[in-house]
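Following: one structure in C-alpha cells, then a few remarks.
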Amino acid sequence: MSTNHHEHKHHLKIDDEWKIVRAIVGNFVHCTRHPFAVDESPTSIIHNDREDVVFLAPFLPLHLNHILAVCEEGKIRYFGPFTPFAWLKTVEIVTLPPYAFCCPGFIDLHHHAPQYAYAGTATDRLLTGPGGWLEEYAFPAERSLRDNPEQTRHLFQKVVQATLQRGTTSVVYFGTLDVVPCQQLVDAVLQYGQRAWVGKVCMDRNAPADYCQPTQQNLTETQQLVQYIYETAGKRSTSPRLPLVFPLITPRFIPTCTPELLSALGDYARSEDLHITTHISESIDEVQWSQALEGGAEDATILHQHGLLTRQSILAHGVWLSDTAAQLLRETQSAIAHCPLSNFFFANQSLPCRKLLEQGNLVGLGTDIAGGYNPSMLSACRCAVIASRTLDHQRQSLTNQHEQSSSASSTLLDYRHAFYMATLGGAYALNMQNHLGNFEIGKDFDAVVLTVQSNIFVCPRRDTMADIFQKLCNLADDRNVSHVFVAGKQVIGSS
Ligand code: GUN
Ligand code: FE
C-alpha cells in the first residue's frame with residue numbers, strides 16, 4: 001500500500017509567522033479518514049515498506065518515532081518522521097517513553113455535567129413516566145444546583161478534571177434549566193482549559209412545576225448563556241484562535257418542549273449559526289410518549305419541522321430511528337451521539353452503529369453521564385464494541401431459528417472503528433473536522449498520551465507496537481493518561 005499521501009507532505013519551513021513553541025517526540029496514532037469511506041475493509045494489519053508507519057487499518061496508521069511541532073497559537077505546524085531539526089534547541093520538547101502513543105484527544109458528544117453527582121447509582125429505572133429516572137434522579141439533581149453555588153462550582157470542577165484526566169479534550173455538555181449553574185460550568189471548563197460546548201437545558205412542558213420554565217424564559221436564558229460564552233471564551237468569527245467554549249442550543253427532548261419552544265430555538269440557532277443538541281428516539285417509552293404528544297410523528301420529523309436538524313446538530317442515541325429518519329439525518333448532515341452504555345439501561349436495544357456508519361450517517365460517541373455511569377471515552381469505545389456484538393448475537397439466534405443463512409450484513413465494530421468515533425468521527429459530528437480530530441497540519445493540537453504502566457502487561461518479545469496500542473485501547477484507564485493537551489497547552493501531567 002502506498003503511503004505517499006501520509007508522509008513528507010509538509011516540510012517545515014521556519015517561518016517567523018509561526019513560532020514553534022513545543023515539540024512532541026515519540027509514537028503517534030490517529031485516523032486519517034472514515035473507516036468505510038472506500039470499499040477497503042479494515043480486516044487486517046497492513047505492513048508496508050516503511051518501518052516507521054504501521055497501518056492498523058487503512059484509515060488508522062501508527063507513526064513510530066515521529067515528531068509533531070506546535071506553534072504559539074496551539075496549532076500543529078509539522079508532523080513527520082523524527083529528524084534532529086536545528087530549531088529543536090529553542091523549543092520545549094516532550095519526549096514520550098517507548099510504550100506510549102500520542103492520540104487525538106477524545107471527543108465526548110453527550111455528557112450531562114450536573115448528573116455526575118449521582119453517576120454510578122440510579123441504574124434501576126425506566127427513563128420516563130411517574131417515578132422514572134428523569135423524575136426521581138435527573139431533575140432533582142439538576143435543580144439542586146440552583147441553590148448551592150459553592151457545591152455547584154466544586155461539582156463542575158470535578159467533572160472537568162475527571163474527563164480531562166481520562167483524555168477527553170472536547171465535551172458536549174448539557175447544563176441545567178437554570179442559567180447560573182451553566183455559567184459556572186463554562187467557568188470550570190475555562191479554568192482547566194478543556195474545550196466544550198455548553199447548553200442551557202430547555203423545558204416548557206411535562207416537567208415538575210419547580211423545574212420548568214415559560215417558553216420565553218427558556219429563550220431569554222439561552223441567549224444570556226450564549227452572550228456569557230462569547231464574553232468569557234470569545235466568539236469564533238472574531239478571534240484568530242479557536243475558542244475553547246462554544247454555545248449550544250439544548251432542548252432536552254420533545255416530550256418536555258412545546259412546538260413553540262422548538263421553533264423559537266430553531267430560529268435562534270439559525271440566526272446565530274449555533275450548534276444544537278437534544279435526545280432523539282432514545283427508548284421505547286420515550287418514542288411512545290413523543291408520538292402520543294405529536295400525533296404519531298417521529299422525533300426526527302418534528303425536529304426537522306422546527307429547524308433543529310442542521311450540520312451543527314448532535315442527536316443523542318437514535319436507537320429507534322426509522323430508515324427514513326436515518327436518511328433525514330444524512331440529508332441534513334445531522335450527527336448521532338452513540339451512547340452505548342446508557343443504551344444498555346434505557347434504550348431496550350443497541351444502536352445499529354455499523355450500518356449507520358456504512359450508510360454515511362455521521363456518528364461519534366458519548367458517555368451520557370449519568371445515563372451511562374462511566375466518564376471515560378475509552379470505556380465508551382469498549383461499550384460500542386460490545387454493543388455491536390450483542391446485535392450480532394441477536395442476528396445469529398434469529399438465523400438459527402429460521403434455519404437459513406442470514407443475508408444481513410455484519411453489525412460488528414472493533415476497537416479501531418470505536419477509536420475513529422471517539423476522535424475524528426466526533427470532530428466530523430461537530431463539523432469541526434477542519435480543526436479537531438487528528439494530527440493534520442493546521443488543526444488545533446488536542447491530544448492525549450496513553451502510556452503503558454504496571455496495570456498493563458507487555459510481553460516485549462511477543463507484542464508488536466500494534467498489540468500494545470490495542471492493549472491500551474482495551475485496558476487503559478486514567479493511570480495510563482500521562483499527558484493531555486488542549487490547543488497546544490498541556491492541561492494534564494507534568495512535562
Ligand atoms: N432524555 C431526556 N433527558 C435525558 C437525560 O437526562 N438523560 C438521558 N439519557 N435521556 C434523556
Ligand atoms: Fe442524555
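Every number for a ligand or one of its atoms is a count from 1 in the order of the listing.
- What sits closest to atom 6 (O) of ligand 1 on the protein, heavy atoms only, is Arg252 NH2, 2.7 Å.
- Neither the backbone nor the side chain of Thr256 comes within 4.0 Å of ligand 1, counting heavy atoms alone.
- Contact annotation: His112 places an N, O or S atom under 2.8 Å from the Fe ion (ligand 2).
- Classification of the His110-His112 ring pair by plane angle, with boundaries at 30° and 60°, yields perpendicular.
- An N or O contact shorter than 3.5 Å links Glu282 to ligand 1 by distance.
- A salt bridge between Arg195 and Asp444 is present, with a side-chain N of the basic residue lying under 4.0 Å from a carboxylate O of the acidic one.
- For ligand 1, the atoms lying closer than 4.0 Å to a non-hydrogen atom of His317 are 9 (N).
- For ligand 1, the atoms lying closer than 4.0 Å to a non-hydrogen atom of Asp368 are 8 (C), 9 (N).
- Classified by interplanar angle (parallel below 30°, tilted 30° to 60°, perpendicular above 60°), the ring pair Phe253/Trp289 is perpendicular.
- Paired with Tyr118 under the rule ring pair (Phe, Tyr, Trp, His ring centres under 6.0 Å), one option of Trp133, Phe139, Tyr373 passes, and it is Trp133.
- Here the closest heavy-atom approach between residue Val449 and residue Ala100 is recorded as CG1-CB, 4.1 Å.
- Between His317 and His279, the ring planes lie parallel to each other; the angle is under 30°, not in the 30° to 60° tilted range.
- For the Fe ion (ligand 2), the set of nearby N, O or S atoms under 2.8 Å includes one belonging to His279.
- A salt bridge does not link Glu260 to Arg205: none of the charged nitrogens lies less than 4.0 Å from a carboxylate oxygen.
- Using a 4.0 Å cut-off to heavy atoms of His112, the atoms of ligand 1 that qualify are 5 (C), 6 (O), 7 (N).
- By the criterion of a heavy-atom distance under 4.0 Å, the side chain of Trp133, and not its backbone, is placed next to ligand 1.
- When rounded to 10 degrees, the angle formed at the Fe ion (ligand 2) by OD1 (Asp368) and NE2 (His110) equals 90°.
- Counting all heavy atoms, side chain and backbone alike, Tyr192 lies closest to Leu164 at O-CD1, 3.5 Å.
- No heavy atom of Glu286 sits closer than 4.0 Å to any atom of ligand 1.
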